[in-house]
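In what follows, a structure is listed as structure tokens, so that the remarks can point back to it.
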Amino acid sequence: TSFTVSYTTDDPVSGSVAFGTKDSLNQVALDDRDRKTGIAKAYRIHYLTIVNVTPKTTYQFTITSGDKNFLDKNAPYHITTAPTVVNTTSTPLSVSGKVLQEDGNAPPEAIAYLTSETSQLFSSLVKSNGEYAMTLDTIRNKDLSSLLTFAPNTLLRLTLTAATAESHATVRANQTNIIPLIILAKDYDFSTSSDALISLTPSPVATTSAATESARPQFPQREEVSEEIATPQILSPENDQSLKDQQPLFRGKAL
């Protein structure tokens, strides 16, 4: 009973979708963030959910981005909604985590996409603090004919798309409750870990009372630690250096 249209633009512009069945595009949908006000605002990441549509029906739509109208090779885009499913006994799967930019701030706009070899593409807007969450209780197989239940070791592909950068991560179905922190423009493979990562928080902070090394959840390691980073190093500021900047830069190397 719904489908989503998402895309990115080089500059912030307003966006809307005109849609309908057969030859009539007599309905208009705004970005999800503009629903309450009914006023189309300018974004670079665009996310529009078309609701209250009929199952197993072909719809056509066009995208209005700024002052331009976009078609699919001079014709409206087409999409066929999924059929009604009688059996609704799928096991819900929760996916959550956090994404930040390299400067430590949350991206102003971003979308989280999730899929597997056998499933449809699922998506959700990322919150303003960088957190994302999806409950996959309605996710279907690729042809949308039935609900899908993931085996614990099913590989899932997560894509986080912001206006200027994108990250990709691979995770197993039993590791999705809380995915470790992701930094935009970097790619991750959490699937090589034999343990589920559900006990990790998105941004763990070490303290003097931190758990012993054997008790900590371990990330996959692909190479030996070189001698030059065998111990943490503080590169900036120097020892006893005074700071005048209200936002000083701290640099260093972790293990």
Side-chain angles (χ1 to χ4, degrees), residues 8-12 42-45 95-114 123-134 155-172 175-255:
T8 62
T9 52
D10 292 334
D11 299 303
Y43 305 102
R44 294 184 64 182
I45 293 289
V95 179
S96 62
K98 190 170 186 178
V99 58
L100 296 177
Q101 301 175 130
E102 289 186 319
D103 60 5
N105 295 318
E109 307 169 55
I111 300 175
Y113 296 97
L114 188 80
S123 64
S124 175
L125 269 173
V126 176
K127 297 179 181 179
S128 58
N129 62 358
E131 295 180 355
Y132 57 91
M134 291 178 275
L155 290 178
L156 305 177
R157 295 189 298 273
L158 176 68
T159 300
L160 292 155
T161 300
T164 58
E166 189 172 87
S167 283
H168 303 271
T170 302
V171 63
R172 296 187 183 277
Q175 298 174 313
T176 57
N177 191 27
I178 299 181
I179 296 175
L181 176 68
I182 290 177
I183 303 300
L184 273 174
K186 296 183 179 181
D187 294 336
Y188 301 81
D189 186 354
F190 301 120
S191 65
T192 56
S193 172
S194 59
D195 299 323
L197 301 175
I198 57 175
S199 61
L200 289 177
T201 57
S203 51
V205 178
T207 66
T208 54
S209 60
T212 61
E213 194 68 31
S214 60
R216 296 191 187 115
Q218 298 297 307
F219 284 89
Q221 295 185 7
R222 296 197 172 186
E223 58 184 28
E224 296 296 327
V225 178
S226 61
E227 292 185 1
E228 63 183 28
I229 57 170
T231 58
Q233 298 179 20
I234 299 176
L235 304 178
S236 174
E238 297 177 359
N239 192 33
D240 296 328
Q241 176 183 348
S242 61
L243 301 173
K244 297 181 180 180
D245 194 336
Q246 292 297 316
Q247 292 183 317
L249 174 65
F250 292 85
R251 297 177 58 250
K253 290 184 178 181
L255 293 178

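Predicted model, so just to flag it, every value in this text is computed and none were measured.
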Point to revise | Residues that Glu166 engages under side chain to side chain contact (heavy atoms under 4.5 Å, CB included), provided they are two or more places apart | key: Thr159, Thr161, His168
Exercise for review: Return the set of residues passing side chain to side chain contact (heavy atoms under 4.5 Å, CB included) with Ala165 (not counting sequence neighbours), or none when no residue passes.
Suggested key: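 Counting only residues at least two positions away or on another chain, Ala165 forms a side chain to side chain contact (heavy atoms under 4.5 Å, CB included) with Leu184, Ala185.
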**Study point:** Chi angles and distances behind the side-chain contact (heavy atoms from CB on, under 4.5 Å) call for Leu158, Ile182
**Key:** CA-CA 11 Å; Leu158 176 68; Ile182 290 177; 4.0 Å; yes
Give me the atom names and distance for the closest heavy-atom approach of [X] to [Y].
| X | Y | answer |
| --- | --- | --- |
| Glu131 | Asn129 | N-OD1, 3.1 Å |
| Leu181 | Lys98 | CD1-O, 3.5 Å |
| Ala106 | Ser128 | CB-O, 3.4 Å |
| Lys186 | Glu102 | CE-OE2, 3.9 Å |

[Y] backbone acceptor or donor facing [X] side chain under 3.5 Å:
| X | Y | result |
| --- | --- | --- |
| Ser236 | Arg251 | no |
| Tyr188 | Ile183 | yes |
| Ser123 | Ala112 | no |

Is any side-chain heavy atom of [Y] closer than 4.5 Å to one of [X]?
| X | Y | value |
| --- | --- | --- |
| Ile111 | Ser124 | no |
| Met134 | Leu114 | yes |
| Pro237 | Leu243 | yes |

Exercise for review: List the steps and the verdict of side-chain contact (heavy atoms from CB on, under 4.5 Å) for Asn105 and Leu100.
Suggested key: CA-CA 6 Å; Asn105 295 318; Leu100 296 177; over 6 Å; no
Got a second to check how far [X]'s [atom1] is from [Y]'s [atom2], nearest 0.5 Å?
| X | Y | atom1 | atom2 | value |
| --- | --- | --- | --- | --- |
| Ile45 | Leu125 | CD1 | CG | 9.0 Å |
| Asp103 | Leu249 | CG | CG | 11.0 Å |
| Thr170 | Phe190 | OG1 | CZ | 9.5 Å |
| Thr164 | Gln101 | OG1 | CD | 6.5 Å |
| Arg172 | Leu155 | CZ | CG | 4.5 Å |
| Ile179 | Tyr132 | CD1 | OH | 4.0 Å |

Practice item. Would you indicate whether Gln241, at its atom CD, is surrounded by more than 12 heavy atoms from other residues, nucleotides or ligands within a distance under 6.0 Å? Key: yes
Practice item. Take atom CG of Asp10 as the centre, draw a 6.0 Å sphere, and report whether it contains more than 12 heavy atoms from other residues, nucleotides or ligands. Key: no
